[in-house]
Q: 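One structure is given below, represented as C-alpha cells, and several questions about it will come after.
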Amino acid sequence: MNSTQITALVIILLYMAATVALGLIISNRKKAKAASQSNDDFLMAGKSLGPVVLAGTLFAANTGGASTTGIATNVLSFGLSACWYVIAAGIGFVVVSFIAPYFRRSSASTVPEIISKRYGKPSHIFTAFTSILALFMATGAQIIATASIINVVTGVSFRTAAIITTIVVILYTMIGGFSSVTAANMMHVIFITVGMTIAMLIMVNSKDVGGFTALFTKAQAMSGELNLLSMTKIGLPTIIGYIAMYCMTFPTGQEIVQTYCSAKDGKSAKVGSVIAGLLSAAYAIVPAIIGLVAYVCIDGYAASGAQKNALADATIRFAPAVVAGLVLAAIVAATMSSASGNMIGTATMFTNDVFRPYLNHGVKNDQKEVWISRLTMVVVGVVGLGIALTASNIISVMMGAFALRSAGPFAAFICGLFYKNVTKRAGFISIVLGTVVAAVWIYVMHSPWGLSAMVPGGIVAFVTIFLCSAIDHRLGVEPAPEIQFENV
C-alpha cells in the first residue's frame with residue numbers, strides 16, 4: 001500500500017471504531033437511566049425523535065451503497081443522469097411527508113403490523129415474509145459497497161473485507177439498538193454530506209483534473225454513445241419509475257416506516273421527512289461528479305467497462321491522503337447506517353410480527369424480545385454477507401428488494417388508510433398479485449424499457465384491490481375494520 005492508502009485505511013478504521021464506541025456509550029447511558037430496557041426503547045428509541053434527528057436518520061438510512069458507489073459506477077452507462085436515483089428519493093420523501101404523521105399515530109411499529117390492523121393474519125404473514133426477505137437483500141447491497149471500499153484501499157480480498165464489515169455493523173447495532181443507530185446517523189450525515197462535498201470540490205480542482213470547466217470539456221470530448229454530461233440519458237421511463245419506486249417503497253419500507261413511527265409526534269415526522277427530501281436532492285450530484293472524474297480523468301478507465309469502485313478509485317487517485325480517508329469514511333458511514341437500519345428493521349418485524357404473535361403466543365416479554373432482536377440482527381448480517389458474496393450490481397439488488405417488499409403492499413396500505421370500503425380478501429389478493437407481477441417483471445422479463453417493477457406491480461395491485469372490493473361489496477361482504485389512530 002502507498003501512503004495515501006495507508007492514511008485512508010487508518011481514518012476508515014478509526015471511524016468504524018468511533019461508531020462502535022458510540023454504540024457502547026449510548027447503550028450504557030440507557031442502562032443507567034433504566035433498570036431494564038424495553039423492546040420499544042431498544043428498537044424504537046422510545047418514540048422520541050425530533051424533526052432534525054429524524055431527518056438525519058431518514059437520510060442516512062436511505063443513502064447507502066446504491067446512492068454513493070452505485071451512482072458513481074452508473075455514470076459510465078447513464079452520464080450525470082445517474083443521479084436521478086437519489087433525486088427521486090428526495091422527491092419521494094417530500095411526497096410521503098403528507099402521510100408520515102399517520103405512521104406515528106398508528107400505534108404500530110412495523111409495516112406488516114399496520115397491514116394486519118386492516119386485513120388480518122394472511123396479509124400480515126405474507127407482508128412480513130416479503131419485507132424480511134427484502135431487508136436481507138438490502139443488507140447485502142450495503143455490505144458490497146463497504147467491502148469494495150476496503151478492497152480498493154487495502155488490497156485485502158473482497159471476501160475478507162465483507163466479513164470485517166459485517167462484524168462491525170452487527171456489533172454496533174446489537175450493542176445500542178435504535179438509539180445508538182440514530183446517534184451514529186447524525187455523525188454519518190455530516191461525513192456523507194459535508195465530507196463528500198468538500199472532497200468532491202478538492203478532487204475536481206486538483207491539478208490532474210483542472211476544475212469543472214476542464215472536467216466538462218474533457219467529458220464533452222468523449223462524445224459518441226457515452227454522453228457523460230447528459231441529465232436525461234437514463235430515460236424518462238426510468239426517472240418516472242424511480243420516483244414511483246420511492247413514493248411506494250418509503251411508506252412500505254420497514255427501515256423508513258420505523259423511523260417515522262419513532263418520531264415524538266406527527267409534526268416531527270412530517271417536517272423531518274421534508275428536510276430529508278431536500279437534503280437528498282441537493283446531495284445527489286456529488287457522487288455523480290466523482291464518478292465522472294473517474295471515467296474522464298483516469299486513462300483507459302471508461303474503456304475497461306463499468307467499475308464497481310469508480311468512486312473509491314477516483315478518490316484514491318485525485319484526493320490528498322487525509323481527504324481520501326474522509327470521503328471513503330463517508331461512504332462507509334452511508335453503507336453502515338443503511339445496513340444497521342436494515343438490521344433494526346428486520347429485528348423489529350421478526351420480533352413483533354413473527355415471534356410475539358406466533359411463537360410466544362401473543363405474550364409480550366421485553367427481556368426475551370430484546371435478545372431475540374439481537375439474535376435476529378446476527379442472522380440478518382450473516383444472510384446479507386452471503387448475498388454480498390454472490391451478487392454484484394448494488395443498484396440492481398436494491399431495486400429488486402424495493403419491488404418485492406412494496407409493489408404489492410403499497411396499494412393495500414394506501415387503501416387501508418383512506419378507502420373505507422376495502423375488504424380483507426381484496427387486500428390480501430392485491431398484495432400477492434402485485435408482488436408476483438413485480439417478481440416476474442424483474443426476474444423473468446428483466447425490467448423492459450428500464451421501468452421499475454414497482455410501476456406494473458403497483459398498477460396491478462391497485463386495480464385488483466378496487467375490483468375485488470367492488471365484487472365483495474356486491475356479495476355482501478363487510479368492509480375491513482378501519483385503523484384507529486392516536487392523537488399525537
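Index from 1, following the sequence.
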Q: Taking atom types as modelled, find out whether Thr351 and Ser373 have a side-chain donor-acceptor pair closer than 3.5 angstrom.
A: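 Yes.
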Q: Could you check whether the rings of Phe250 and Phe93 sit parallel, tilted or perpendicular, using 30° and 60° as the cut-offs?
A: parallel
Q: Within the side chain of Thr390, is there an N or O that forms a donor-acceptor pair under 3.5 Å with the backbone of Ile387?
A: yes
Q: Are Ile344 and Met377 side-chain neighbours, meaning at least one heavy-atom pair lies under 4.5 Å?
A: yes
Q: When rounded to the nearest 0.5 angstrom, what distance separates CE in Met343 from CZ in Arg374?
A: 14.0 Å
Q: Would you compute the distance between atom OG of Ser77 and atom NZ of Lys233 and round it to the nearest 0.5 angstrom?
A: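 So the OG of Ser77 and the NZ of Lys233 are separated by 7.0 Å.
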Q: Restricting to non-hydrogen atoms, name the atom on Ile234 and the atom on Ala82 that form the minimum distance, rounded to 0.1 Å.
A: CD1-CA, 4.4 Å
Q: Which heavy atom in Ala407 sits nearest to a heavy atom in Ala438, and how many Å separate them?
A: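 Smallest interatomic distance, heavy atoms only, reads CB-CB, 3.5 Å.
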Q: Are the side chains of Asn205 and Val209 in contact, using a 4.5 Å heavy-atom criterion?
A: no
Q: When rounded to the nearest 0.5 angstrom, what distance separates CD1 in Ile99 from CD1 in Ile414?
A: 4.0 Å
Q: A side-chain contact here means heavy atoms from C-beta on lying under 4.5 Å apart; do Thr193 and Phe59 qualify?
A: yes
Q: Could you check Phe402, Phe78, Tyr246 and say which one makes a ring pair (Phe, Tyr, Trp, His ring centres under 6.0 Å) with Tyr85?
A: Tyr246
Q: Considering all heavy atoms of both residues, which atom of Leu311 and which atom of Thr315 are nearest to each other, and what is their separation?
A: O-OG1, 2.7 Å
Q: Can you give me the closest heavy-atom contact between Gly50 and Lys264, atom names plus distance?
A: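 Of all heavy-atom pairs spanning Gly50 and Lys264, the closest is CA-CE, 4.2 Å.
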Q: Between the side chain of Thr146 and the main-chain N/O of Ile143, is any donor-acceptor distance below 3.5 Å?
A: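 Checked: no pair found.
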Q: Assess the side chains of Thr249 and Ser406: does a donor N or O sit below 3.5 Å from an acceptor N or O?
A: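 The answer is yes; a qualifying pair exists.
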Q: For a 4.5 angstrom cut-off between non-hydrogen side-chain atoms, does Thr7 reach Val322?
A: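 Thr7 reaches Val322 side chain to side chain.
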Q: Between Arg405 and Leu135, is there a side-chain heavy-atom distance shorter than 4.5 Å?
A: yes
Q: Report yes if the side chains of Leu292 and Leu229 come closer than 4.5 Å at any heavy-atom pair, otherwise no.
A: yes
Q: Would you find more than 12 non-hydrogen atoms of other residues, nucleotides or ligands less than 6.0 Å from Phe212 atom CZ?
A: yes
Q: Does the side chain of Ile316 reach to within under 4.5 Å of the side chain of Leu328, using non-hydrogen atoms?
A: yes
Q: Taking C-beta and beyond as the side chain, do Pro101 and Tyr260 meet within less than 4.5 Å on heavy atoms?
A: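 Not in contact.
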Q: Roughly how far, to the nearest 0.5 Å, is CG of Asp313 from OH of Tyr301?
A: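 Tyr301 OH to Asp313 CG: 3.5 Å, rounded to 0.5 Å.
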Q: Of the options Ile256, Leu279, Ile275, which is the one that meets Leu58 in a side chain to side chain contact (heavy atoms under 4.5 Å, CB included)?
A: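 When Ile256, Leu279, Ile275 are each tested with Leu58, the side chain to side chain contact (heavy atoms under 4.5 Å, CB included) holds only for Ile256.
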Q: What heavy-atom pair brings Cys297 and Leu215 nearest, and what distance separates the two atoms?
A: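 Cys297 and Leu215 have their closest heavy atoms at SG-CD1, 4.0 Å.
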Q: Would you compute the distance between atom OG1 of Thr252 and atom CD1 of Ile114 and round it to the nearest 0.5 angstrom?
A: 10.0 Å
Q: For Ser148 and Asn151, does a side-chain donor sit closer than 3.5 Å to a side-chain acceptor?
A: no
Q: Would you compute the distance between atom CZ of Phe318 and atom CD1 of Ile290 and round it to the nearest 0.5 angstrom?
A: 12.0 Å
Q: Between Val86 and Ala284, which heavy-atom pair has the shortest distance, and what is it?
A: CB-CB, 3.6 Å
